[in-house]
Structure formats: structure tokens, C-alpha cells
Amino acid sequence: MKSVSFETKDEVTLNGFLIEASAPRGVSIIHGATGVPMGYYKAFAQWLSSERKHHVLIYGYRDSELKKASSLRRSRSNMSDWGIRDQSAALDFALSQFPDLPVHTIGHSLGGMCLPYHQNADQIKSHVAINAGPAYWRNHPWHFLPQVVLFWFVLGPVATWLFGYMPGKLIGFNADLPANVYWQWRRWCSNPNFYEVDWGHEIKQPVFSRIKCEVQLIGTEDDVMIPPSQVQKLSKYFPEASIGYKTISPSKLGLKAIGHIGIFSPRNQLAWPELIR
């Protein structure tokens, strides 16, 4: 494993790790979920490199791992910076470093949703979107709705306004976020059209015709944040791709729970073969 860095089109430097395989057959990029540190994906990346004989790139979005409140307050990063500019830069970096190897992308939550926005998306071999989908707040399971309402309409906005950033660790989200990330995320999740609400404003409309590769949409049965029914709705944004669906059941694998984030935890590594072919 070696440290790497690369620049986005708007000249922001991103840092990450490259896990190199001997006699590599390809390259896999892991695009992470909102508020999840890149280190969380290291164990899976090492397993993937060994199993698939791929170089694997993991990296952190801009301002995604800030610890100090003062730094979080200064951040102007938003969610589309992470999903479009930063993910695009990771793809460009992999393509430039390994021009003779096929490149695959694996996206977790936010990481799986933004491929049609990436200029070089037509050059990837396959895309796997895991627990990713349009998370309109009314489409969560009823028993999870009280937490959703608090996060989007009560504690979340009030705390973000008071602190100048979203103090997730204080209100039970487990990760602090720059204010603009939270506000844009809130706008998407409180609109039935999800990120389409920003098309032509904050972000350009995606180019769907770029994605003609194999796309696998994977949900977990016990994910209340992006239920499998919402994962399937992501296919709307890949109209020309070859789509496959899969729902992972923890009980069938002998696991207690997976949820939204846990699928990349070493304790759930029995599920990892379900994520790749």
C-alpha cells in the first residue's frame, strides 16, 4: 500500500492510498459514502486486490476528514464537489496511471450515484453501486422516519445553523460535515426528484449516454437509509447500461446485521464476495 495524491479540475489536492496487486488484471476505484473516512475501506480494498488481482484506489473527498471545528466552519465544499469533481478526479487519475488496464468503479452510497456526471465515465469497464439510490425522506421505512425528520427538519438544520457546520457526532450521525455538504444533501433528500433539483443550477445535467457498461446495483435487506427498493430506482440514471440487481440478506450469510454502512466492515467480510463477480 502506498500513499498517492492527485488534483481535481478546480485544483484541489486529494489524498489516498493505492493497494497494488502483483500481475494486475485491472484497477478498481472505491468511491466512499458521505461521512465515512477512507481508512474504513482499507480492509476491503486489500481483500479486493488479493481476490481480483486489481490495483485498488481509495481516497478521501475534499474536507471530508476535517477534525477541528474551525476548519469545518471555513470549508465551502458541498456534496456535488465530492460526487462530481472529486470522484471524476479519482477516475482521471486511475486512467492516467494505468492506461493499459481496464478500470472498474465501486461506489458506496454517494459513491455509487454520480457516475453519469463524470466526463470519462465512458472509459470504465463496470460499475458497482452499493446501498446507493435517491434517498427521498418519505421513502424510508416508517420506523426510521422519526430519526429522518429530526435529521433533516429539526436537529440537523438547527445544529448546523448554530455551529456553522453539521455536528454529526453530537447529534448521532457519527461524522461532522461541512455546512454546505449538509445543506445540499438536505435539499436533495427533501425533494422527490433528489439531485435533479440542482440540474442547471448547482450541477450540470448528467450525460446518460456515457454509461454503456455493466452496472450492478446492490442493496442490503436491513438498510433503512437506502432500502433495496430505492437502490433499484437508481437505474433511472443508467438508461443505456446493462443493469443487474442484487439484494444481500445478512441472515442467509450467517451475519447478524449489515445495514447501510456495515457492509465494508471486516466483521461482514462474508458478504464481500457478493459485491464482485
Side-chain angles (χ1 to χ4, degrees), residues 31-37 40-41 61 63-67 69 72-73 75 77-80 82-83 107-114 129-198 217-234 247-251 255-265 267-268 271:
H31 300 307
T34 303
V36 177
Y40 176 67
Y41 299 100
Y61 301 129
D63 297 344
S64 63
E65 303 195 32
L66 297 174
K67 305 299 183 185
L72 284 159
R73 290 190 187 98
S75 173
S77 300
N78 61 28
M79 184 155 276
S80 55
W82 291 2
H108 183 202
S109 195
L110 172 68
M113 297 190 296
C114 298
I130 301 162
N131 293 347
Y136 179 48
W137 74 275
R138 291 180 182 271
N139 292 332
H140 296 284
W142 66 268
H143 60 86
F144 188 59
L145 282 176
Q147 295 178 58
V148 172
V149 170
L150 285 173
F151 187 70
W152 292 132
F153 304 109
V154 186
L155 287 180
V158 170
T160 302
W161 181 77
L162 287 173
F163 283 77
Y165 65 95
M166 202 285 288
K169 294 177 182 176
L170 182 66
I171 66 173
F173 176 66
N174 296 323
D176 298 334
L177 300 174
N180 288 346
V181 169
Y182 173 78
W183 292 126
Q184 188 175 37
W185 190 18
R186 179 182 184 271
R187 184 164 64 250
W188 294 356
C189 292
S190 59
N191 189 292
N193 294 317
F194 199 59
Y195 52 24
E196 292 180 47
V197 69
D198 277 350
L217 304 181
I218 299 177
T220 50
E221 198 173 62
D222 60 339
D223 184 0
V224 294
M225 294 183 67
I226 311 288
S229 60
Q230 294 305 110
V231 171
Q232 292 189 15
K233 290 181 180 180
L234 191 62
T247 298
I248 296 173
S249 169
S251 61
L255 301 172
K256 290 183 178 180
I258 295 176
H260 185 65
I261 301 297
I263 196 161
F264 292 98
S265 169
R267 73 175 184 272
N268 289 324

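What you see below is based on every heavy atom in this structure, not just the backbone, and it leaves out hydrogens, waters and symmetry mates.
- Between Trp82 and Leu110, some side-chain heavy-atom pair lies under the 4.5 Å cut-off.
- No side-chain heavy atom of Asn180 sits under 4.5 Å from any side-chain heavy atom of Ser77.
- Annotation: side chain of Met166 is not in contact with side chain of Pro178 (no heavy-atom distance under 4.5 Å).
- When atom types are taken as modelled, the side chain of Asn193 and the backbone of Glu196 share no donor-acceptor pair closer than 3.5 angstrom.
- Aromatic pair Phe153/Trp137: ring centres closer than 6.0 Å.
- Here salt bridge (charged side-chain N to carboxylate O under 4.0 Å, His left out) pairs that include residues 172-193, with residues two or more places apart or in two chains, are Arg187-Asp198.
- Contact detail for Pro141 and Pro227: the closest heavy-atom pair is CD-CG, 3.8 Å.
- Using a 4.5 Å heavy-atom threshold, the side chains of His108 and Ile261 count as touching.
- At least one side-chain heavy atom of Ile263 sits less than 4.5 Å from a side-chain heavy atom of Ile130.
- When all heavy atoms of Ser109 and Ala33 are compared, the closest pair comes out as CB-CB, 3.6 Å.
- Between the CD1 atom of Ile218 and the CG atom of Leu234 there is a distance of 12.0 Å, given to the nearest 0.5 Å.
- Under the 4.5 Å side-chain criterion, counting only non-hydrogen atoms from C-beta, Leu170 is in contact with Phe163.
- Between the side chain of Asn131 and the backbone N or O of Thr220 there is at least one donor-acceptor pair closer than 3.5 Å.
- Checking side-chain atoms of Tyr182 against main-chain N and O of Tyr165 turns up no donor-acceptor pair under 3.5 Å.
- Looking at Trp152 and Ser190, their side chains never come closer than 4.5 Å, going by heavy atoms from C-beta outward.
- Looking only at distances, no side-chain donor or acceptor of Glu221 sits under 3.5 Å from a matching main-chain atom of Ile248.
- Judged by distance alone, the side chain of His140 and the main-chain N or O of Met225 form a donor-acceptor pair under 3.5 Å.
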task: For Arg138 and Leu145, run side-chain contact (heavy atoms from CB on, under 4.5 Å): C-alpha distance rounded to whole Å, both residues' side-chain angles, the deciding distance at 0.1 Å, then the answer.
output: CA-CA 8 Å; Arg138 291 180 182 271; Leu145 282 176; 5.8 Å; no
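- Asn78 contributes no side-chain N or O that, together with a main-chain N or O of Gln184, makes up a donor-acceptor pair within less than 3.5 Å.
- The minimum heavy-atom distance between Ala179 and Gly164, with the atom names listed, is CB-O, 3.6 Å.
- Here Phe151 contributes atom CZ and Phe144 contributes atom CZ; the two are 9.0 Å apart, rounded to the nearest 0.5 Å.
- No hydrogens or angles considered: nothing links the side chains of Tyr61 and His31 as a donor-acceptor pair under 3.5 Å.
- Of the possible polar contacts, one joining the Asn268 side chain to the Gly262 backbone as a donor-acceptor pair under 3.5 Å is found.
- Residues Leu177 and Gly35 approach most closely at CD2-CA, 4.0 Å, considering heavy atoms.
- Distance check, rounded to the nearest 0.5 Å: CD1 of Ile258 to CG of Asp222 gives 6.0 Å.
- Between Trp185 and Tyr195, a ring centre-to-centre spacing not shorter than 6.0 Å is recorded.
- Looking at every heavy atom in both residues, Val224 comes nearest to His143 through CG1-CE1, 3.6 Å.
- Phe194 places none of its side-chain heavy atoms less than 4.5 Å from the side chain of Tyr136.
- Annotation for Phe173 and Ala175: closest pair CD2-O, 3.1 Å, computed over non-hydrogen atoms.
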